[in-house]
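Ligands are counted one by one from 1 in listed order, and the atoms in each one are counted from 1 as well.
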Amino acid sequence: MTHHDVVVIGGGPGGYAAALYGASAGLDVGLVEEHLLGGTCLHVGCIPAKELLETASLLRAVKGASEFGVDTGGEPDVDLSVSQERKRSVIDKLFKGLGSLLSGRGVTVYGGTGRLGPDHIVTVEYGEGSDQEGTSTIQADHVVLATGSSPRSIDGFAVDGQLVVTSDELLSITEVPARVAVIGGGAIGCEFASMLSDLGSEVTVLEALPEILAECDADVGAVVRRSFRRRGINVHTGVSVDGHEPAGGSTTINFGSAPDQHQVEVDLVVMAVGRRPRGDAAGLVGTRVEINERGFISVDGRLLTGEPGVYAVGDVISTPQLAHVAFAEGMFVVKDLLGEAPLPLDPATVPWCIYSHPEVACAGLTEAAAVEAGHEVVVSSHRFVGNGRAMIVGDTDGMVKVVAEAGPDGRAGRILGVHMVGPWVTEQLGQGYLAVNWEATVDDVAAHIQPHPTLSELFGETVLSLTGRSLHG
Ligand code: NAD
C-alpha cells in the first residue's frame, strides 16, 4: 500500500491549496481528483464566469465609447463563440499551470474517485477516461476531504440543460438568449443577471427574500438594485416560484401569490438558488466523519472532522462557499497538522467580491450585523459620484461605507466593516479587508496616504471623515 504524509480528496481550490502548501512545507502529498484539477472554480465557476462578465463589460464600454470621442464604426455586437474560445484558452493555461505546479512540487496526483474508509485508508477507483485501471489503495497520516459542491435546483425546475440551466451549463452558451429568468438574487444570480443584460438579454430576477444580495449591507444591495432597475433588469423580491410551463421552445413562470400574481415568459431559466455540498462524495463508510442535516461535513474550529486526523475544507463544510476561503482553509489545515497552532479563520471577516455591474466588495460586519452584535456604531458613506477617477472612467454609480465601533467618547474607533459598490471595487477591497482583520482603528487608517487620482481615494475619504475632519467628502 502506498503511503503519504497527507492525502487530499478533491482537486478544487481547497484541495489543491492543501496539496501545494503541504508540499511546499516539505510534506509528501497525494491528491485524488475524479474529474479535472482546478474543480468548479476553474472549470465551471469563478474563472469562466468572470471571463464572460469581462466580455459583457467590454461590450458595455465599447457601446459607451462615443462619449469619449472614440468612433467604433457603428453598433458593436458580440460573438459569444469567440468569447467562449477565449474563456477556454484562459482555463487551459491555468489548468496546465496547476498541473505543472503540482508535479513540480512532487505531489502525486491520482486521477480517480477517492473513497475514505477506516484507518485513513483511501481507495482510488479509476473510471473511464482514466489512464489507469482498477483501484489503488493509499494510506496517509492525515486526510483532507475537499469534495466541494454542486449547483442545486428547486422543485418544479428540472435542470435539462436547454430551457432550465445552472451555472454549469450557462457558462458555455454560444448564443445570447432573448428573454431570461434568473431564479435567486444572491451572488451568482446577480452576476448572471448583470452579464446577460449587458449582452442584450431581457432579464427578470426572482428572489424569495425581501432583498437581493441579502447578506450584503442593505445600502450596498439598494445601490445594485437601483442600478439594475435603470438598466432595465426586472427585479422581483419576496416572490415564490413553484414551477414553469414550457410551450413551443419558451416557458412561462408564475410567481407571487394571490392577489399579487404575475407571470413571465422566457427562453431560458437560470437556477441560482445556492450550491449543495458533496458531503458523501468520498465514501466515508466505517469512519466517524459526520454529515449534518444540510449535507455539510461537520468540523470543529480546527477543521477536523469526527475522525481523528481527517480534516475537511472548502464548499463541503459550512463556511462561506468562496474559492479564496477554501485556499485559506487548505493552508490552515496544513499548518494545523504540522502543529503550528494557526489562528482560527473567522467566517465573519472574509472578503466577498461580486463581479456584477456595479461590482460589490466587502469585509466584516454590515451595519445591521454590527448593531445586532451589540456594538455602538458610527457609520460613514461616500459616493463615487464625487471621485475624480470615477468621473474619468465614466462610472460613478456606487459608494463606500465604513462601519466603525464607537468609543466611550462617541468617536469612531475600530473598523468593523467595509462595504463597497461601484467601479473596480473588487480590486479596491484589499485595504478595507486588512483594516477589518488587523483590527485597525479609523485613526490608524486615516494616517495613511491614498494615491491620487484613484478610485481607492474614496475609501480614504470615508475613513477620514470618521475622524471628525475631512478633505473632499
Ligand atoms: P446564494 O445562497 O448566495 O443565493 C441564492 C439566493 O437564491 C438566495 O438569495 C435565496 O434566497 C434565493 N432562493 C433560494 N430559493 C429560492 C426560490 N425557490 N425562489 C427564489 N429565490 C430563491 O447562492 P448562489 O448565488 O447560488 O451562490 C452559491 C454560492 O457560491 C454562494 O455561497 C455564493 O456566495 C458563492 N458564489 C460567490 C460568488 C462571488 O462571491 N462572486 C460568485 C459565485 C458564487
Please write down residue, atom name and distance for the protein heavy atom closest to [atom].
atom: atom 31 (C) of ligand 1; value: Gln321 OE1, 4.1 Å
atom: atom 20 (C) of ligand 1; value: Ala208 N, 3.3 Å
atom: atom 18 (N) of ligand 1; value: Ile154 CD1, 3.3 Å
atom: atom 5 (C) of ligand 1; value: Ala272 O, 3.4 Å
atom: atom 39 (C) of ligand 1; value: Cys353 O, 3.1 Å
atom: atom 6 (C) of ligand 1; value: Glu207 OE1, 3.6 Å
atom: atom 25 (O) of ligand 1; value: Ile188 N, 2.9 Å
atom: atom 15 (N) of ligand 1; value: Val273 CG1, 3.7 Å

If only atom types and distance count, is the side chain of [X] paired as donor or acceptor with the main-chain N or O of [Y] below 3.5 Å?
X: Glu359; Y: Thr426; value: yes
X: Lys401; Y: Thr366; value: no
X: Ser153; Y: Phe157; value: yes

Can you list the atoms of ligand 1 that are under 4.0 Å from a heavy atom of [X]?
X: Leu206; answer: 20 (C), 21 (N)
X: Glu191; answer: 39 (C), 41 (N), 42 (C)
X: Ile183; answer: 19 (N), 20 (C)
X: Trp352; answer: 34 (O)
X: Leu209; answer: 11 (O)
X: Gly184; answer: 6 (C), 7 (O), 12 (C), 21 (N)
X: Leu322; answer: 37 (C), 40 (O)

Please tell me whether [X] and [Y] have a donor and an acceptor in their side chains that are separated by less than 3.5 angstrom.
X: Asn437; Y: Thr349; answer: yes
X: Thr305; Y: Glu290; answer: no
X: Ser356; Y: Ser194; answer: no
X: Arg278; Y: Thr147; answer: no

4.0 Å heavy-atom contact, Ser240 with ligand 1: no
Test item, Ala214 contacting ligand 1 (heavy atom, 4.0 angstrom):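 Under 4.0 Å: no for Ala214.
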Glu215 and ligand 1 - part of the residue with a heavy-atom distance under 4.0 Å: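 Looking at Glu215 and ligand 1, no heavy atom falls under 4.0 Å.
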Ring geometry between His262 and Phe255 (parallel below 30°, tilted from 30 to 60°, perpendicular above 60°):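 Answer is parallel, since the angle falls under 30°.
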Phe459-His382 aromatic ring centre distance below 6.0 Å: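 Here the rings of His382 and Phe459 have centres that are no less than 6.0 Å from each other.
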Between Tyr16 and Phe327, ring centroids under 6.0 Å: yes
salt_bridge(Glu405, Arg414) N-O dist < 4.0 Å: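 A salt bridge is present here (some side-chain N lies under 4.0 Å from a carboxylate O).
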Salt bridge (charged side-chain N to carboxylate O under 4.0 Å, His left out) contacts in which one or both residues fall within residues 186-196, not counting sequence neighbours: Lys50-Glu191
Residue selection (non-hydrogen contact nearest atom 3 (O) of ligand 1) among Pro320, Ala187, Gly189: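 Going through Pro320, Ala187, Gly189 one by one, Ala187 has the nearest heavy atom to atom 3 (O) of ligand 1.
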Nearest option to atom 2 (O) of ligand 1, as decided by whichever heavy atom of Gly274, Pro351, Cys46 sits closest: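 That would be Gly274.
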